Amino acid sequence: MSRRATPGRSGSRRVAALLAAIACGSVLVSCSSDSDSDSGAASANPTPPNASDFTGTPPSAIASAASSIIESASGRASSAAASVSARASEFAASVNADTERAAVTAQKELKGVEGAGNATSDVSMTGLPTGETGGLRAVVVTITNKTGQKASYAVQVDFKNPDGKVVETRYVGKENLDPGKRAQPVVVSRQPAEPQLTPVLAKAQRY
C-alpha cells in the first residue's frame, strides 16, 4: 500500500527551500555591493604620478607673462619707429618735389647779393611741429609780394647751433608772384634732431 506525504511535511520542505534561496540571493547582492563600493573608492582616490618620471623645468607663469609684455611693447615700438620714418620720408619727398628747382634758382640769384638783400621785410618764417613732419626740422617761409607788380624772390635760411655757428644753409624761392599775393614754400633741415638748431633768415632778394 502506497504512502502519501502528509501536507504538513511537504509545506515545511518548500518553506525551507525558499528561505535558502533568499539567503543565497542576499549573499550575492551583498558581495556585488561590496565589490562596487571598493571600485568606487579606488576611482575616487587615484594614485598620483611619480614626479621623478618628468624632466625639465616647468614654465613660470610670471616669466611667460613678462616675456609676452616685452615682446608686445617691442613690436609696438618698432611699428611706431617705422611709421615715423615713413612719414618723414613722405614729407621730405613732397617738399623736395615742390621746391628743388626753386632752391637752385634762388641760390644762383643770391650768389652776388651783399648783406641781407632788399626783401627781408617781405619774408617771415614759422616752424612746423615735428609731429607733422615725421620728426624732421622744417620751416614755412612766407613770402608776400608787397609791391604793385609781379616779382620773384630768393631766400636763404641758415640753421645755427646753440653756439651761434651756422651748420647748415638752405635756399627757397618763388618766381612771378602776383602783387599782394603770397607763397609759403617749406625749408627742411637735413641735420640730426640733436643738438637743437635755430633757423635764421639770412637773405631775401626780390628780382
Side-chain angles (χ1 to χ4, degrees), residues 66 69-207:
I69 292 172
I70 292 172
E71 290 179 0
S72 177
S74 298
R76 290 196 299 270
S78 298
S79 178
S83 178
V84 170
S85 178
R87 289 200 303 272
S89 298
E90 291 174 2
F91 178 79
S94 66
V95 170
N96 289 339
D98 294 335
T99 63
E100 192 62 35
R101 186 181 65 84
V104 172
T105 301
Q107 185 174 4
K108 289 180 181 179
E109 291 295 331
L110 290 172
K111 185 173 293 185
V113 174
E114 295 183 1
N118 61 11
T120 54
S121 62
D122 294 350
V123 179
S124 63
M125 300 192 305
T126 304
L128 286 175
T130 55
E132 297 180 4
T133 64
L136 298 177
R137 186 182 295 106
V139 179
V140 177
V141 179
T142 301
I143 303 170
T144 304
N145 185 356
K146 297 179 180 179
T147 70
Q149 58 186 358
K150 281 187 177 183
S152 296
Y153 291 83
V155 179
Q156 176 182 324
V157 178
D158 289 340
F159 288 90
K160 296 184 177 181
N161 64 15
D163 296 330
K165 180 182 178 180
V166 176
V167 297
E168 183 180 22
T169 296
R170 305 290 288 166
Y171 298 92
V172 72
K174 177 63 179 179
E175 295 180 298
N176 300 318
L177 186 61
D178 291 329
K181 299 297 183 179
R182 71 177 183 176
Q184 291 184 303
V186 178
V187 171
V188 180
S189 171
R190 296 176 181 174
Q191 295 298 308
E194 296 294 337
Q196 182 66 40
L197 302 180
T198 302
V200 177
L201 177 61
K203 293 183 180 183
Q205 182 72 11
R206 182 175 54 251
Y207 61 93

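Quick note: residue numbers are just sequence positions, from 1. As the structure is a prediction and not an experimental result, all values here were calculated from the model.
Panel note: side chain D163, backbone K165; no donor-acceptor pair is recorded below 3.5 Å. The backbone N or O of V188 lies less than 3.5 Å from a partner atom in the side chain of R170, making a donor-acceptor pair. Side chain of T130 to main chain of L136: no donor-acceptor pair is present (N/O by atom type, distance under 3.5 Å, no hydrogens or angles). No side-chain donor-acceptor contact under 3.5 Å links D158 to the backbone of V166. In this structure, Q156 contributes its side chain and T169 its backbone to no donor-acceptor pair below 3.5 Å.
Screening residues 191-207 for side chain to side chain donor-acceptor pair (under 3.5 Å), with sequence neighbours left out, gives D122-R206.
When every heavy atom of A102 is checked against every heavy atom of G173, the shortest pair comes out as CB-O, 3.6 Å. Nearest approach of Y153 to T144, heavy atoms of both residues: OH-O, 3.7 Å. Contact detail for E132 and L128: the closest heavy-atom pair is OE1-CD2, 4.1 Å. The two residues A106 and V172 have their closest heavy-atom pair at CB-O, 3.4 Å. Scanning all heavy atoms of the two residues, the minimum distance from R137 to A193 falls at NH2-O, 2.9 Å. The two residues L201 and A204 come nearest to each other via the heavy atoms CD1-CB, 4.4 Å.
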Q: Would you check, one step at a time, whether the test side chain to side chain contact (heavy atoms under 4.5 Å, CB included) holds for N145 with D178?
A: CA-CA 7 Å; N145 185 356; D178 291 329; 5.7 Å; no

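One finds the CD atom of Q184 at 9.5 Å from the CD1 atom of I143 (value rounded to the nearest 0.5 Å). With rounding to the nearest 0.5 Å, the separation of CD in E109 from CD in Q107 is 11.5 Å. Expressed to the nearest 0.5 Å, how far CE of M125 lies from OG1 of T142 amounts to 10.0 Å. To the nearest 0.5 angstrom, Q149 atom CD is 11.5 Å from N176 atom CG.
L177 has its side chain out of reach of S152: every pair of non-hydrogen atoms, C-beta onward, lies at least 4.5 Å apart.
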